[in-house]
Structure formats: C-alpha cells, structure tokens
Amino acid sequence: MKRMDLALLLVIFLAAACSKDTVTEYYTFFRPVYKTKDAVKANIKNDIAQDIHQPGKLVWKDNYVYLNDVDRGIHILDVSDPANIRAVSFINIPGCVDIAVNDHYLYADCYTDLVTIDIADPLHTTVKQFLPGVFPHRYYNNFRADTGKVIQEWVRVDTVVKRRFHETISFARYDGWMLYSSSSSSFAPQGASFAQRAFGIAGSTARFALMNQRMYTVSHADLKVFNIATAAAPSYVKALPLASGDIETICPYQDKLFIGSQTGMFIYDAKSQDHPLKLGQFTHVRSCDPVIADNNYAYVTLKGGGICGGNSNQLDVLDVSNLMSPQLIKTYPLSAPSGLSKDGDLLLICDGTGGLKIFNAAKPDAISLIKQLAGFEAADVIAHNGIALVTAKDGLHVIDYSQPTAAKEIGKILVTQK
C-alpha cells in the first residue's frame, strides 16, 4: 500500500465466528482532538518528565538527549551519567516528528510550522519563533485541519461493525473521523560529526540537517534551505525540487549533503549555502535507505518490505571519492537494517529484531561482525566515544562499546503503552 502521511492507525480484525451471511469486524482508530493554534503555541513549553509512547528521531548535544515522541513532543534526557539516564522534562509539541539542535536552540516541526525553542535551561524552555506553513507536506493525505486549529492529540476509539458479506463500508470519512487501513506500525509519516560543537548530532534517519549557518530539510520530494545565522530566528530561504521523490533522510558531511531515498542515494554540494548543487547519485532497488558518510566512503542500509517495498536487506558500501560517480564496493547481507552510525573504524547498524550489530569497518571491502546485542528491535543509533544511544520499538537503550568485543547495555528507558 502506498505510504500515507496520515498518522491514523486502523487495525482490522475479522471475527472467526460468523453467522450465515454476516461478518463481525473489530476496528481500532483514532479521533483527532483539536485546539486553536494560539492555544497550542501557548502550551509549547517544558512540562514534567513524561512516559515515552513512541520513540522517534533523536539528537545528542553535550549532556542531553532530545528524543522525539512521535506527534507528541520532545523528551529531554540527562545522559551525563550514561548508566543512569534520567528524564528531565518534556516539551509539548503536537505534530512533531523532526528535530535539530543548534547551540541552545531546538528546531522542531509542529505539523506545517517550524518552531524555535530556547533550551538553555531544560526546566524553563521558551518559544522564540514560529515560521508558519513551511512544511506543507505535513498535511495528511485527503485531510485538511481547520486553518485556525491543529491536532493536539489522538484519542483511541474501539468499535465493532457487523455487516453482510456483500456489503462494503467506506472508510474515506466515518462520522467525521478519518480512517485508513494500516500497513505500517508507525504513526509517523516517517550522522553528522561532533566537529561543530554548536550542533547536536542527529541519528541517520534525520530529515533535518545543520551545516555552517544553514539548516537543510527534506520532505518526500524537496530540499528546503533555512538561514540560521541568527540561531533564535531562522528564516526560510528556498525549496529545491528533488525529482526522484520518496526522499527519506539527509546526512551532512563536510560541505556535502548525502540524501537517502527509496530508490537511491544522492550527493549535493552545499558550498554555495543557499544553492545546493546535485553532484552524483547511486541507484539501488526499492527499499528504505538511511545513509552516512565518512571520508571517501558512504554506507547505505537497504531495508525491504513494509512501506518501502522491495525485498533487499543489506548494507551497501560505496566509494564516493568521485562525487560525480559513486561506485559500489561491496554488499553485506543483513536481516532488516535501518539506522547506522560510525565511530572511527567501528560501524554500528540497527538490524531490526536482530538488535544492534557492531562491525569492524577498517577495510570497507572486508567488514566483519564484532558483536551483536539482541533483545530489542533497533531503529536508529548515535555512536560517540564508546557510548551508543539506540532508539528501539521498546524505548531508548544505552550501549557501552568502549571495548567492542565486550559491548553491553548499561542503561535504558522503556516505552509505556497507552
């Protein structure tokens, strides 16, 4: 099924017990609860620490991790002692799925708007600016919220429908509630370096990237440029169409942008900050595609099935010394890879239910597995100085890989089910 930006989960269960020509169907769907934009803006501030419901994107800056809870907001976690990670506060940002941190300012989407928040004091955050309408793709398919309101939350509704076999039910709109069949478990429309200390480091599934005095963001089919020279007040510059579509991730490296899509990897030169120029591309089979870069190499994970289609599950290592013509060096089979990160000669890959895998990547054409940490379904990872932060279906895991062969989990914060 085509990927839906609409974040409504519809789970259909056909009852085993049928009576003659009737069937009983059980549905779970979600009803939007609206608030005015002014009310939502006034509520975008830090609150007491809250339970994690659906881990999304993450950014690591100094002693704090900023973890997106999909469509709800941002958890601020103190990781000064990685073995005792501690939730500090929560920033309510409805419709938030992407974040970046520049010095002590956090940039986040609030549905179609970009909000800038001063996070210098995690217990007393303040909104500095709203840029309205810069992310129009965050409107859901076939759904337009009232222009004066936004969705604050989704309320779960369970219902039972009985019908005859020959009858059909239209789910385009049901009593004012939008319904869609689910083929994905995610509510979300779903590695840089520490060299620039002002910037937080994001995971490889990021759609926001910071470089010099600009922020670059990707949607399904475009690359947007924001001027962040004044950190507290970003300004929108322009959007560049990305003809391929199905864009998923963006990774800044030196003065280049590595963009991952479901059909390939694209390299853009950002020397001219407001006018990124496409240099080269590498085309692959249809699959989900996070990418990171390091020196003359790019590392691309391909995950088949689900919203991305295809059936490839692998790591592709590319030689990008010629940026105009990336070349495949070698392919390594994996189970269901997604996010990845690199620290020196170590390559860390999230491999679905296989957990986190740590590889020796000193020789890109002879990568070897050092250690596997299973027991959780890993999604994305940030690795730095022997500590890895791993988002997973069940929460955030902290891994000590300072001794790679003896890598172990030293801390975690688990999801609390609604």
Side-chain angles (χ1 to χ4, degrees), residues 49-70 72-90 97 99 101 185-188 190-192 194 200-206 249 288 290 292 301 303 315 334-343 346-359 369-418:
Q50 297 187 16
D51 293 334
I52 299 171
H53 294 296
Q54 187 182 353
K57 309 296 174 61
L58 77 163
V59 173
W60 186 358
K61 175 70 166 62
D62 300 328
N63 290 325
Y64 293 99
V65 167
Y66 303 87
L67 174 66
N68 169 236
D69 204 323
V70 175
R72 294 182 62 236
I74 307 296
H75 299 276
I76 302 180
L77 309 174
D78 184 337
V79 293
S80 55
D81 179 1
N84 294 286
I85 189 169
R86 181 174 61 90
V88 174
S89 64
F90 180 77
V97 296
I99 57 176
V101 175
S185 61
S186 173
F187 279 157
Q190 299 244 316
F194 270 95
I201 183 171
S204 63
T205 59
T249 64
C288 291
I292 61 173
T301 55
K303 178 181 179 181
L315 168 71
L334 291 167
S335 299
S338 53
L340 67 168
S341 185
K342 198 163 183 289
D343 184 2
L346 298 177
L347 178 65
L348 291 78
I349 298 178
C350 296
D351 201 12
T353 56
L356 180 70
K357 293 181 177 179
I358 303 174
F359 296 86
L369 180 65
I370 297 174
K371 180 74 173 182
Q372 179 176 357
L373 294 97
F376 53 88
E377 189 172 343
D380 202 2
V381 56
I382 297 174
H384 178 64
N385 281 350
I387 297 295
L389 304 175
V390 184
T391 55
K393 192 173 182 180
D394 66 347
L396 179 70
H397 297 254
V398 183
I399 308 297
D400 181 345
Y401 65 91
S402 55
Q403 299 182 41
T405 58
K408 61 183 179 180
E409 181 175 277
I410 59 172
K412 62 185 174 184
I413 294 183
L414 297 180
V415 162
T416 298
Q417 299 295 334
K418 289 185 179 181

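The structure displayed is predicted, hence computed values, not measured ones. Both backbone and side-chain heavy atoms feed into the values below; hydrogens, waters and symmetry mates do not.
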Can you confirm whether [X] sits close enough to [Y] that some side-chain heavy atom of one is under 4.5 Å from a side-chain heavy atom of the other?
X      : Y      : answer
Leu373 : Ile399 : yes
Ile382 : Val65  : no
Pro290 : Leu340 : yes
Val398 : Val79  : no
Leu346 : Ile370 : yes
Ile52  : Thr416 : no

Item to check | Residue among His75, Gln50, Gln54, His53 satisfying side-chain hydrogen bond (donor to acceptor under 3.5 Å, both in side chains) with Asp69 | outcome: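 That would be His75; it is the only one of His75, Gln50, Gln54, His53 passing the side-chain hydrogen bond (donor to acceptor under 3.5 Å, both in side chains) with Asp69.
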Next on the checklist: Tell me whether Asp400 is salt-bridged to Lys408, with the criterion being a basic N under 4.0 Å from an acidic carboxylate O.
Outcome noted: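 Looking at Asp400 and Lys408, the cut-off is not met.
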Next on the checklist: Does anything in residues 372-381 form a side chain to side chain donor-acceptor pair (under 3.5 Å)? List the pairs, not counting sequence neighbours.
Outcome noted: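 Matches after skipping sequence neighbours: Ser204-Asp380, Thr205-Asp380.
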Over all heavy atoms of both residues, which pair between [X] and [Y] is shortest? Give the atoms and the distance, please.
X      : Y      : answer
Ala336 : Asp351 : N-OD1, 2.7 Å
Ala392 : Phe376 : CB-CD1, 4.0 Å
Ala407 : Lys371 : O-CE, 3.4 Å
Asp343 : Gly386 : OD2-N, 3.7 Å
Tyr64  : Asp78  : CD2-CA, 4.0 Å
Ile387 : Trp60  : O-CZ3, 3.7 Å

Item to check | Set of side chain to side chain contact (heavy atoms under 4.5 Å, CB included) partners for Ala379, sequence neighbours left out | outcome: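 By the side chain to side chain contact (heavy atoms under 4.5 Å, CB included) rule, Ala379 matches Thr391.
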Next on the checklist: Going by side-chain contact (heavy atoms from CB on, under 4.5 Å), Pro55 matches just one of Val390, Val70, Val415. Which one?
Outcome noted: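 Per the side-chain contact (heavy atoms from CB on, under 4.5 Å) rule, the option paired with Pro55 is Val415, out of Val390, Val70, Val415.
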Checklist entry - Which one of Leu58, Val101, Leu77 satisfies the side-chain contact (heavy atoms from CB on, under 4.5 Å) criterion with Tyr66? => result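 Checked Leu58, Val101, Leu77 against Tyr66; only one passes side-chain contact (heavy atoms from CB on, under 4.5 Å): Val101.
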Checklist entry - Lys412: what forms a salt bridge (charged side-chain N to carboxylate O under 4.0 Å, His left out) with it, not counting sequence neighbours? => result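 For Lys412, the residues satisfying salt bridge (charged side-chain N to carboxylate O under 4.0 Å, His left out) (neighbours in sequence not counted) are Glu409.
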